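Here is how names work: the chains are called A, B, and so on, in the same order as the sequence lines, proteins then strands, and each is numbered from 1. On a predicted model such as this, the values are computed, not experimentally measured, just so you know.
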2 protein chains.
Amino acid sequence: MKMKKNVQKAHCAVDYAFQRIGGKYKGRILWVLREGRLRYGELSRAVVGITPKMLTQTLKELEADQLITRKAYFEVPPKVEYSLTDTGMELIPFISQMRSWGEKQMSTN
Amino acid sequence: MKMKKNVQKAHCAVDYAFQRIGGKYKGRILWVLREGRLRYGELSRAVVGITPKMLTQTLKELEADQLITRKAYFEVPPKVEYSLTDTGMELIPFISQMRSWGEKQMSTN
DNA sequence: CAGAATCCCCCACGATACTG
DNA sequence: CAGTATCGTGGGGGATTCTG
């Protein structure tokens with residue numbers, strides 16, 4: 001697996017952080033993984049509206065960025081579980097904060 | 001000034017929040033405005049690498065989203081100041097934490 | 001000084017279909 | 001079940017020039 005960073009050339013730490021969890025689905029995926037591992041199919045149901053292509057692609061980016069871990073079980077039928085790394089878990093409090101802010105905004109608008 | 005929301009159809013509060021401060025420069029602009037108002041020219045120097053087009057465009061979006069306020073002084077030469085709204089200020093703790101996380105990540109990688 | 005106006009390109013993302 | 005493979009597109013963003 002490639003381990004390249006999905007961060008181009010950050011002008012500052014804010015820039016860097018936003019590049020790392022930017023994209024349309026990264027925040028939501030990290031968020032639904034907050035309570036434990038989920039299988040691919042569970043993720044695709046939890047992240048409403050995501051296509052298999054985008055799910056797979058985003059999961060790969062998050063893995064390359066070491067925010068999540070992929071664990072494949074060699075069984076039939078196939079089974080793959082995704083979970084947060086320690087670094088990924090460190091983001092949950094912030095995302096939680098963002099979520100509270102978002103909830104408040106959505107209700108007052 | 002148009003007041004449309006730059007948020008399409010959020011699937012959840014996390015989605016909503018990320019749409020609202022997504023984009024390449026929004027986080028950085030909010031961050032540099034944390035300590036007070038800045039003029040257009042000061043912003044363009046503070047947000048290194050941004051073009052006038054993107055600065056103007058992003059400022060308009062942030063204003064339409066009610067995260068910043070624009071105040072124009074009718075003088076010669078022109079003078080325009082931007083500052084955070086209360087709603088925008090509420091995001092600063094979050095961005096601050098993201099920034100700390102980013103700094104840590106940048107140093108340990 | 002603080003933008004507006006154009007032109008243009010790339011790629012994130014979507015839709016659809018297929019597979020070990 | 002957990003993905004690939006292809007094809008297509010819109011708009012986010014860049015470069016450059018102009019102006020009240």
Hey, is the side chain of A:R39 poking within less than 4.0 Å of OP1 or OP2 on D:dA2, counting only N and O atoms? yes

Look only at the side chain of B:T108 and the backbone of B:K104, and say whether a donor-acceptor pair between them is shorter than 3.5 Å. yes

Could you tell me how far apart A:R70 (CZ) and D:dC1 (C1') are, to the nearest whole angstrom? 12 Å

Sequence-aligned protein contact record of nucleotides 6-20 of chain D, with B where the base is within under 4.0 Å of a protein heavy atom and S where only the sugar-phosphate is: BB-----BBB----B

Presence of A:R45 side-chain N/O under 4.0 Å of D:dC1 phosphate oxygens OP1/OP2: no

With no hydrogens and no angle check, just 3.5 Å: does a side-chain donor-acceptor pair link B:E81 and B:Y73? yes

Find the bend of the helix from C:dC1-D:dG20 to C:dG20-D:dC1 as the angle between its two terminal axes (five pairs each), to the nearest 10°. 60°

Just wondering, do B:Y40 and B:L59 contact through their side chains at under 4.5 Å, heavy atoms? yes

Classify A:T56 by what it touches in the nucleic acid, base, sugar-phosphate, or nothing, heavy-atom distance under 4.0 Å. base

Do you know the tightest heavy-atom contact between B:T58 and B:I29? CG2-CD1, 3.7 Å

Under the side chain to side chain contact (heavy atoms under 4.5 Å, CB included) rule, collect the residues that match up with B:V80, sequence neighbours excluded. B:R70, B:A72, B:Y82

Taking only residues two or more places apart in sequence, or in another chain, which ones meet B:K79 in a salt bridge (Lys or Arg N to Asp or Glu O under 4.0 Å)? none

For A:D15 and B:K24, the nearest pair of non-hydrogen atoms, with its separation, is OD1-O, 4.3 Å

From the 5' end of DNA chain C to its 3' end, which nucleotides mark the outer limits of contact with chain A, defined by a 4.0 Å heavy-atom distance cut-off (strictly under)? C:dC13 to C:dG20

Shortest non-hydrogen contact between B:E103 and A:A13, atoms and distance: CG-CB, 3.5 Å

How long is the line joining CG of A:L43 and P of D:dC1, in whole Å? 14 Å

Once you round to the nearest 0.5 Å, how far does NZ of A:K26 lie from CG of A:D65? 5.5 Å

Who passes salt bridge (Lys or Arg N to Asp or Glu O under 4.0 Å) against A:K53, sequence neighbours left out? none

Check for me whether B:R28 meets the cation-pi criterion with B:W31, that is, NZ or CZ under 6.0 Å from the six-membered ring centre and within 45 degrees of the ring axis. no

